[in-house]
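Predicted model only: the values in this text are computed from it and were never measured.
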Amino acid sequence: MAAKAGNQLALEKLRSLCGDNKISSDWLKDFGELSLSRVPKNNKRPVPTGEIGQKILVLEDEEDLRDLITETLQLAGYRVVAAADGEEGIQRMVSNVDIALIISDLKMPKMNGLQFLKAIRKMQYETPVIVMTAYSQQKVIDEGLKLGIQSWIVKPVRRDALLENIQKLLERKSAIA
């Protein structure tokens, strides 16, 4: 009974995020898969798509969206460190030296995504970055490119597009290393 109520609450949160144009509706079709993947019928763990041991920093000020992205990445096999703003993100970078990739919103309180990127670049972090944002103005994109943003995903975020971008950037990073 409690599991059913929890699933219903999660589904309502997904619908709300879709309605607010934070994510695309393709996340809803996977809702059943996400809840079932925790306890597979064959009692085997799902095969993760992410390389074991890779850690991703997620910066997103909206708690529901941050939680959804975190859970999705964990189910895909990644380890996740999350932060609600750029200041917290810097703290997470310093205390987690093995972060392989950063996913960041641009509009956040205290320190926005571009300010965060400027700060970590000054600290000599060259970690690949994916930006998720509703902003697609050329001036902002140009500034982001100067800061080394490798991928720009305009909200609403599609689950498959996010996972594909992550995989491509991590593969490119390991090919260079």
Side-chain angles (χ1 to χ4, degrees), residues 13-14 16-17 20-24 27 48-177:
K13 285 185 179 183
L14 284 172
S16 173
L17 289 168
D20 293 341
N21 266 344
K22 303 294 181 194
I23 60 172
S24 69
W27 294 68
T49 57
E51 184 178 319
I52 300 300
Q54 291 188 309
K55 190 181 288 185
I56 297 175
L57 172 63
V58 175
L59 282 86
E60 173 59 57
D61 60 321
E62 292 188 39
E63 185 179 4
D64 288 343
L65 184 53
R66 185 175 61 244
D67 290 348
L68 176 65
I69 292 168
T70 297
E71 182 175 350
T72 299
L73 296 178
Q74 288 171 337
L75 287 170
Y78 299 103
R79 294 184 300 146
V80 180
V81 177
D85 58 60
E87 287 181 5
E88 191 178 336
I90 289 174
Q91 294 170 359
R92 299 289 188 264
M93 289 290 296
V94 171
S95 61
N96 292 275
V97 295
D98 58 341
I99 290 175
L101 183 124
I102 300 167
I103 300 172
S104 179
D105 187 10
L106 285 186
K107 186 179 176 188
M108 296 180 289
K110 296 182 185 176
M111 177 185 280
N112 69 35
L114 291 177
Q115 293 167 332
F116 164 79
L117 289 171
K118 286 177 188 175
I120 65 166
R121 295 305 186 222
K122 284 182 182 176
M123 297 167 66
Q124 304 299 313
Y125 287 104
E126 297 300 324
T127 310
V129 178
I130 296 174
V131 165
M132 301 179 312
T133 186
Y135 301 104
S136 58
Q137 300 167 343
Q138 192 60 48
K139 181 180 177 182
V140 177
I141 293 171
D142 291 342
E143 186 175 354
L145 290 173
K146 289 178 188 175
L147 294 169
I149 294 172
Q150 287 86 358
S151 183
W152 196 278
I153 300 175
V154 178
K155 289 180 181 177
V157 177
R158 286 184 26 250
R159 177 184 169 272
D160 294 340
L162 177 62
L163 292 173
E164 286 172 19
N165 273 280
I166 291 168
Q167 186 174 358
K168 285 178 186 175
L169 286 178
L170 290 175
E171 286 173 359
R172 189 179 314 152
K173 180 182 175 182
S174 65
I176 293 171

Heavy atoms only: give me the nearest [X]-[Y] pair and the separation to one decimal.
X      : Y      : answer
Met108 : Ala84  : SD-O, 4.1 Å
Thr133 : Val131 : CG2-CG1, 3.8 Å
Leu57  : Gly89  : CD2-O, 3.8 Å
Ile103 : Ile56  : CD1-CG2, 3.8 Å
Thr70  : Ala82  : OG1-CB, 4.1 Å
Gly113 : Ser104 : CA-OG, 3.9 Å

Rounded distance [0.5 Å steps], [atom1] in [X] versus [atom2] in [Y]:
X      : Y      : atom1 : atom2 : value
Ile90  : Ser95  : CD1   : OG    : 12.0 Å
Gln54  : Leu101 : CD    : CG    : 8.5 Å
Asn96  : Lys55  : CG    : NZ    : 3.5 Å
Lys168 : Glu164 : NZ    : CD    : 6.0 Å
Leu68  : Leu73  : CG    : CG    : 9.0 Å

Not counting sequence neighbours, which residues clear salt bridge (charged side-chain N to carboxylate O under 4.0 Å, His left out) with [X]? List them please.
X     : answer
Arg92 : Glu88
Glu63 : none
Asp67 : none

Report task. May I have all residue pairs that pass salt bridge (Lys or Arg N to Asp or Glu O under 4.0 Å) and include part of residues 118-134, sequence neighbours excluded? Result ->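 Only Lys118-Glu143 qualify under salt bridge (Lys or Arg N to Asp or Glu O under 4.0 Å).
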Query raised in the report: Residues in side chain to side chain contact (heavy atoms under 4.5 Å, CB included) with Glu87, at least two apart?
Result: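 In terms of side chain to side chain contact (heavy atoms under 4.5 Å, CB included), with neighbours along the sequence ignored, Glu87 is linked to Asp85, Lys110, Met111.
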Requested in this report: List the steps, then state whether side chain to side chain contact (heavy atoms under 4.5 Å, CB included) holds for Phe116 with Ile102.
Outcome: CA-CA 11 Å; Phe116 164 79; Ile102 300 167; 4.0 Å; yes
Which pairs would a plain distance check flag for residues 145-155, meaning a side-chain donor or acceptor within less than 3.5 Å of a matching protein atom at least two apart in sequence or in another chain?
{"from": "Gln150", "atom 1": "OE1", "to": "Val129", "atom 2": "N", "distance (Å)": "2.7"}
{"from": "Gln150", "atom 1": "NE2", "to": "Gly148", "atom 2": "O", "distance (Å)": "3.1"}
{"from": "Ser151", "atom 1": "OG", "to": "Asn165", "atom 2": "OD1", "distance (Å)": "2.6"}
{"from": "Trp152", "atom 1": "NE1", "to": "Tyr135", "atom 2": "O", "distance (Å)": "3.2"}
{"from": "Lys155", "atom 1": "NZ", "to": "Glu60", "atom 2": "OE1", "distance (Å)": "3.4"}

Query raised in the report: Do the non-hydrogen side-chain atoms of Tyr78 and Ile166 ever get within less than 4.5 Å of each other?
Result: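 Side-chain contact under 4.5 Å: yes.
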**Report entry** Close side-chain approach of Asp105 and Leu59, heavy atoms under 4.5 Å
**Finding:**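 The answer is no, as the side chains (C-beta and beyond) never meet within the 4.5 Å cut-off.
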Query raised in the report: Does the Lys173 side chain pair with the main chain of Pro128, one donor and one acceptor, at a distance under 3.5 Å?
Result: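 Side chain of Lys173 to backbone of Pro128, a donor-acceptor pair under 3.5 Å: no, none is there.
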